[in-house]
Amino acid sequence: MLPFDRDILDLARALVGARLVVRGAGGTILETEAYARDDPASHSFRGQTARNAAMFGPPGTVYVYLSYGLHFCLNVVGRPGEAVLIRALRPELGIDAMATRRGMAVDSPLLASGPGRIGQALGLTLADSGKRFDGNEFRLIPPEAVPDLVTGPRIGITRAADRPWRFGLKGARGLSRPFA
DNA sequence: GTAGTGATCTTCT
DNA sequence: GAAGATCACTACG
């Protein structure tokens, strides 16, 4: 398991290359984004609401939110009000289950390449928000070696869009979008 | 290959 | 009323 109580940028970097397993399905994390407490792009920026309550839970909490009314996106909460969005996954475990939920072939490059796709592939719902990465339903396994990372601006936001808080596994296929 | 748009819900102005 | 941490489908070059 990983230490969650640390600077959110450190946590976002540490999660790239780690293994994420949710109820027996998952794989290696290829891409993450950091959202800080004092960050205009973060859901926590305007304070706690019913929707983002899990983001203010203890380090290691699962935060799932509904994006654009139809996509469930997965976050790892660090210090209260800070979280890391998981943007891309290389499927390695429970691939059949993920392919079934996605309605595509097991070797499709689109199985979990994007935050909404991960949500669908892992079968996430709002009921998962507030659970913990404690090794039961949600598990995180640190990488054996520190991988090479690439860095870039976050995707799909308008505020604080220049902060280079997106991290990817260098040279990996299956990123949600290429790094410049 | 790029460009446009619909789906669908929460929050903010 | 509009925008948002998105994706998939369609139309068109």
Side-chain angles (χ1 to χ4, degrees), chain A residues 4 7-16 18 20 22 27 29-57 61-91 98-131 133 138 149-169 173-180:
Chain A
F4 296 106
D7 181 87
I8 198 63
L9 294 177
D10 283 346
L11 183 58
R13 283 187 279 257
L15 287 175
V16 177
L20 167 71
V22 179
I29 296 171
L30 302 178
E31 186 182 340
T32 64
E33 281 179 8
Y35 289 87
R37 180 71 187 83
D38 184 19
D39 175 1
S42 172
H43 289 171
S44 61
F45 182 64
R46 285 178 242 282
Q48 186 170 343
T49 66
R51 177 206 196 196
N52 66 18
M55 211 173 157
F56 291 86
T61 297
V62 176
Y63 171 47
V64 176
Y65 71 92
L66 183 60
S67 174
Y68 290 87
L70 64 162
H71 299 295
F72 294 107
C73 301
L74 175 65
N75 295 255
V76 181
V77 177
R79 291 170 178 159
E82 308 199 319
V84 175
L85 171 68
I86 310 298
R87 288 195 55 88
L89 211 61
R90 181 199 300 135
M98 290 193 276
T100 299
R101 282 190 284 256
R102 294 276 294 130
M104 23 179 83
V106 294
D107 59 350
S108 167
L110 301 178
L111 264 194
S113 164
R117 292 165 179 163
I118 289 174
Q120 187 182 18
L122 299 181
L124 300 173
T125 71
L126 293 184
D128 293 312
S129 202
K131 293 182 180 176
F133 286 96
F138 291 81
L149 302 187
V150 285
T151 303
R154 294 176 289 181
I155 304 292
I157 58 172
T158 54
R159 292 182 292 255
D162 55 335
R163 299 188 191 187
W165 287 1
R166 176 177 179 236
F167 305 99
L169 193 61
R173 288 172 316 221
L175 296 170
S176 68
R177 305 186 56 169
F179 282 81

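The sequence lines fix the lettering, A, B, ..., with proteins before strands; numbering per chain opens at 1.
- Backbone-only contact: A:I157 has heavy atoms under 4.0 Å from sugar-phosphate atoms and none from a base.
- Within 4.0 Å of A:L110, counting heavy atoms only, lies no atom of the nucleic acid at all.
- Among the heavy atoms of the strands lying under 4.0 Å from A:R102 are primed sugar atoms or P, OP1, OP2 only; no base atom is included.
- Side-chain polar atoms of A:Q120 and A:R101 form no donor-acceptor pair below 3.5 angstrom.
- Atom OG1 of residue A:T61 and atom CZ of residue A:F133 lie 9.0 Å apart, to the nearest 0.5 angstrom.
- In this structure, A:E33 does not pair ionically with A:R154, as no charged nitrogen and carboxylate oxygen lie closer than 4.0 Å.
- Along DNA chain C, the nucleotide nearest to A:S113 and the one nearest to A:T158 differ in position, and the one closer to the 5' end is contacted by A:T158.
- For C:dT6, the OP1/OP2 oxygens have a side-chain nitrogen or oxygen of A:R87 closer than 4.0 Å.
- Residue A:G116 is in sugar-phosphate contact alone, with no base atom involved, counting any heavy-atom pair closer than 4.0 Å across all strands shown.
- In this structure, C:dA5 makes no Watson-Crick or G-U wobble pair, since no nucleotide meets both defining distances under 3.5 angstrom.
- The aromatic ring of A:Y68 does not sit over the base of B:dA7; the criterion of centres under 5.5 Å apart with planes under 30° is not met.
- In this structure, A:R154 reaches neither bases nor backbone, as no heavy-atom distance under 4.0 Å exists between it and the strands shown.
- In this structure, A:L85 reaches the bases: a heavy-atom distance under 4.0 Å links it to at least one base atom across the strands shown.
- Not one side-chain nitrogen or oxygen of A:T49 sits closer than 4.0 Å to the OP1 or OP2 atom of B:dT10.
- Listed pair A:R177 / C:dT6 fails the phosphate criterion, with no side-chain N or O lying under 4.0 Å from OP1 or OP2.
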